Every structure is written in C-alpha cells, then in structure tokens.
Amino acid sequence: MDEVLLREISQEYLIPFFSGARLEDKPEQSSPWDGTVAFRGPISIAFKVAKRDNYRLVLTRSQPFAQATGTTVPEISVVQAFVDVIAPMAEALATPLKQDLLSTFARRIVAKAMSSADERESTILSGIDKLARWSGRQYEGSPISASIGFRHRPQDVNAPTLDEISTHDFSAVLSNGHDTLLEFDFSGRFISHNALPTGGNIPPYCPFRQAAIAEWTANDEHRRRVALCLNRGGEILVFRDRQMLFSRRSGRWSFLTHEPVITQMGTPQDKSVRRAVYETCLDASFARTGACIGVVSSNHMASLPRIVVNEDDRVHMGKSVKAKSVAKMVGTLKFQQLDRRLRQELVAIDGATVLSHEGDLLAVGAILRIPGGSTSGGRLAAAKALSSLGLGIKVSQDGGITGYRPAPNEPALQIM
C-alpha cells in the first residue's frame, strides 16, 4: 500500500484510538519476512498493510504499550485489527470510493478487536450500529440509555434476533445502561432480559455507574462475554473481561489500557493509591463532573502551603464548614479506602482535591496558587501547579483525562 495513503488514513483513524500517540516522521525499512504488525520497543509499534510492503510506519507515545497478557486486549491487537480491516480494501482506497469506505471505518476496528474465531465480528458490529443510531434519538423526550450483552449460549433459530428487536421502539427502553441489559448469543439471537446484581464486586477498570455491566462480562466458563452500553450523554462504552476497553464520545473512538496508565502515573509508590485515583478519574469523566486531583510526594509535603492558598481548604486543619464536614465524612480513612461514590463526589467539588502519597485527604475544593502568566484553563493550570509536588491530574468536563508530573511540562498520561 502506498505509504502516503497509509499515513493519511492512520493519522485520521488509528491515532485517535491511543491518547498521546503519534506517528514517527520517518518509516522503518521492512522486508517480506517481517510481520505486518510488531513491537519495536516498549513505546513503539511498527505496522504495514501487506507483507510485500518495503516499509513499516511506527506508532509511538511516551507511555509504554501493554504487552499481551491473559485475555485483555493490548494495543497491538487494535493495530492488528486496523491492518486486518484495511488490507482487503487497500486497492479500492486509491479510488474515488475512499471516503465511502472510510466513513464507518473506526467501528469496524472496534468490532474486530473485540471478536475472535467463535465470536462473530458482524454481530458485535451490528450491536454497535444499533446503539449509534439510538444515540441520536430520544424516547418520550429523553435521551436513550441502553445496554446489549453477547455470550456463548446458542439459541434456537426461531428466537428473535437483535436486528428484528431493534427495529421496534420498545427495545430502546428494555435496558437502562447501568444494571440491566438484553442478552444475545454471538449469532445475534435473543436470550433474555437480565437484571444484574449490584453492590457486589466492583471492577476497577470501568466507570462506577456501569460496574454491574462490566462485572457481567466476567468469563463464562472460560468463554468471553462482550457488553455494549449507551449512556445518556450519547457515549458508547464497550466492555470485556470485567473492564471498559473502548469508548466513543463526540463521534471519536478511544481505546483504554488501564494497567500501563497506572504504572505511568509513577506517583505515589503505593499502587493502591494510584489505582483509587485512576478509578475516580474514570468516574468523574463519565459523570461529566470534571475534577482536579493532586498527589503530593513524601519529599514535597512541606511545600503544600506554597500551593494551597487557604488553610480552610485543608481537611484536618481548616475551621470552615466544608473542612469540618469532609473531615467528619472521611474520619481516619484514606482515599483508597473510601466508597467510590464518595470519592467521585468529593472531587466534583469546585477546586482541587489533594492527597498525600499514602492516600491521606489533605484538601478538598482547594483554591491553588497558580504561577503568574498562565494562559491555560483553570483546571489545567491547577494540575500543572500540583505536578510540581508530585502528580497533577485534570479531568475536563468533556471527559478527557490528562496527568502531569514534574518537568518536562508535557503530559505524563492522556486518556480519551
């Protein structure tokens, strides 16, 4: 395939899957014996469309790509799905049919990455398309929120199909997108309506509101389940192996690899604190509340008063109603020990939430001292200021998550 064309399509349809990623300016040389997709290092994946191509483009980013472990989908599988989707249409893409072929390209990559030999790509694709159509509709004046699950439980050929059910308006209100879903087999035949249990195990790598749906995707006798969810914000969330792997918001698909991001955070050393912060960022992102979270390294604790302007924002020191109320709520519990719902509500308070490296809640709704001359938005400037103490994270109200560590000033992590 022509390098210029592949680079153009990759820039438009592959790069958006991986926050913070880019294509290297120069390709690497390749021979017919090289794989179409391969790791070039922990932060680089090389790819081409055909074995005969004498080059491979290189996808890179600052945070490492996940290695293939267990059943989780690593980034390299998404790149492979991109290549597998584009290969059969490579010649046609050099014709006037290009834009028609690419118009629904991204959702085919998602379906292929989520399927295997006995999980029909076409069935998952059909489910994505149904939710995408519902995302632009309302039922009785309200946005539609719904969820569809696929599992290995073959049904009788006379069972209603997803295509048949979804043509009727009633199907849009038979699941709520939080803790009920419509189950289908991987041929798209209807199994049942499932009201999911709540309050049990809460998977860490999903928004809290969809925890029951994520838990439903736990392996079914070593066979995978896939769930698709449409929330009231018109976003589509895709789950497998008890975690959210893809999301579509504002028409753009993103791929989420959770463990590498938690590792990339670096601060604090206690992984349970990093995991709690990451979970809360996901919750704030999909609740659309926004957030600004800082974690103070052990060697920067003395510098906290330099950043936090008002002592009354300090949880166990302030005399304000806010400080005393929050102190009573959390008691002696650390951030990672708090209920996820409370954590999300605390970070939704206007201002910054600041934690110690051990998870102690230091400040909530804090007004920060921002360096003079800052031209960025309030949350972004606050996150950068907090990064001088260890780690600063901004969750924007449109859902993007960006984290900063001490210099350089480039993001240490970006999600969606």
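Positions are given from 1, in the same order as the sequence printed here. Side chains included, hydrogens not; waters and symmetry mates left out as well; all remaining heavy atoms used. This one's a predicted model, so the numbers in the text were calculated from it and none came from an experiment.
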Beyond-backbone contact of Ile45 with Phe65, side-chain heavy atoms, under 4.5 angstrom: yes
Nearest-0.5 Å distance, CD1 of residue Ile15 to CD1 of residue Ile9: 13.0 Å
Pairs involving residues 41-56, ordered by first then second residue, that meet salt bridge (Lys or Arg N to Asp or Glu O under 4.0 Å) (sequence neighbours left out): Glu28-Arg56
Sole candidate of Val85, Leu125, Val78, Ile124 that passes side chain to side chain contact (heavy atoms under 4.5 Å, CB included) when paired with Lys112: Val85
Ionic contact status for Arg61 with Glu75, cut-off 4.0 Å: yes
Parallel, tilted or perpendicular: ring planes of Phe246 versus Phe255, cut at 30 and 60 degrees: tilted
Geometric class of the Tyr278/His258 ring pair [parallel <30°, tilted 30-60°, perpendicular >60°]: perpendicular
Closest contact, heavy atoms only, Ser388 versus Ala385: OG-O, 2.7 Å
Ionic contact status for Arg137 with Asp169, cut-off 4.0 Å: yes
Close side-chain approach of Ile148 and Leu181, heavy atoms under 4.5 Å: no
Minimum-distance pair of heavy atoms, taken over all atoms of Met416 and Gly399: CE-O, 4.0 Å
Side-chain heavy-atom pair Phe82, Val37 within 4.5 angstrom cut-off: no
Exercise: do Thr280 and Arg343 side chains pair donor with acceptor under 3.5 Å: yes
Distance-minimising heavy-atom pair for Leu23 and Gln11: CD1-OE1, 3.7 Å
Heavy-atom side-chain proximity of Ser147 to Ser175 below 4.5 angstrom: yes
Side-chain touch Arg274/Gln336, heavy atoms, less than 4.5 angstrom: no
Chi angles and distances behind the side-chain hydrogen bond (donor to acceptor under 3.5 Å, both in side chains) call for Tyr205, Glu259: CA-CA 9 Å; Tyr205 301 140; Glu259 283 289 345; 2.3 Å; yes
Ile293 CD1 to Ile401 CD1 distance, which is reported to the nearest 0.5 Å: 9.0 Å
Rounded distance [0.5 Å steps], CZ in Phe18 versus OG1 in Thr257: 8.5 Å
Any side-chain donor near an acceptor of the partner, Asn194 and Glu183, under 3.5 Å: yes
Crowding at CG, Asp25 (>12 non-hydrogen neighbours, <6.0 Å): no
Pro406 versus Gly390, closest heavy-atom pair with distance: CD-O, 3.2 Å
Sequence neighbours excluded - salt bridge (Lys or Arg N to Asp or Glu O under 4.0 Å) pairs with any residue from residues 188-217: Glu215-Arg242
Nearest-0.5 Å distance, OG of residue Ser145 to CG of residue Leu131: 9.5 Å
Asp163/Thr161 under side-chain hydrogen bond (donor to acceptor under 3.5 Å, both in side chains): CA gap, chis, key distance, verdict: CA-CA 5 Å; Asp163 288 340; Thr161 66; 5.2 Å; no
Test item: Lys130 and Leu228 side chains (from C-beta on) under 4.5 Å apart, heavy atoms: no
Arg249 to Phe286, cation-pi by 6.0 Å centre distance and 45° axis angle: yes
Validation row: Ile393, Met265 side chains within 4.5 angstrom (heavy atoms): yes
Exercise answer: donor-acceptor pairs, residues 350-358 side-chain atoms, under 3.5 Å, sequence neighbours excluded:
| unit_1 | atom_1 | unit_2 | atom_2 | d |
| --- | --- | --- | --- | --- |
| Ser356 | OG | Glu358 | N | 3.2 |
| Ser356 | OG | Gly359 | N | 3.3 |
| Ser356 | OG | Asp360 | N | 3.0 |
| Ser356 | OG | Asp360 | OD2 | 3.1 |

Close side-chain approach of Ser44 and Glu24, heavy atoms under 4.5 Å: yes
N-O pairing of Arg7 and Glu3 below 4.0 Å: yes
Over-ring placement of Arg225 relative to Trp216, 6.0 Å and 45° cut-offs: yes
Atom pair OG/CD of Ser254 and Gln414 - distance to nearest 0.5 Å: 11.0 Å
Separation of Met89 CE from Lys98 NZ (nearest 0.5 Å): 13.0 Å
Closest non-hydrogen atom pair between Val73 and Ala113, with its separation: CG2-O, 4.0 Å
Lys/Arg N to Asp/Glu carboxylate O, Asp283 vs Arg340, below 4.0 Å: yes
Residue Arg341 excluded, over 12 heavy atoms near CZ under 6.0 Å: no
Tyr404 versus Ser387, closest heavy-atom pair with distance: O-CB, 3.3 Å
Side chain to side chain contact (heavy atoms under 4.5 Å, CB included) partner of Ser247, the single match among Leu256, Val238, Val110, Ile236: Leu256
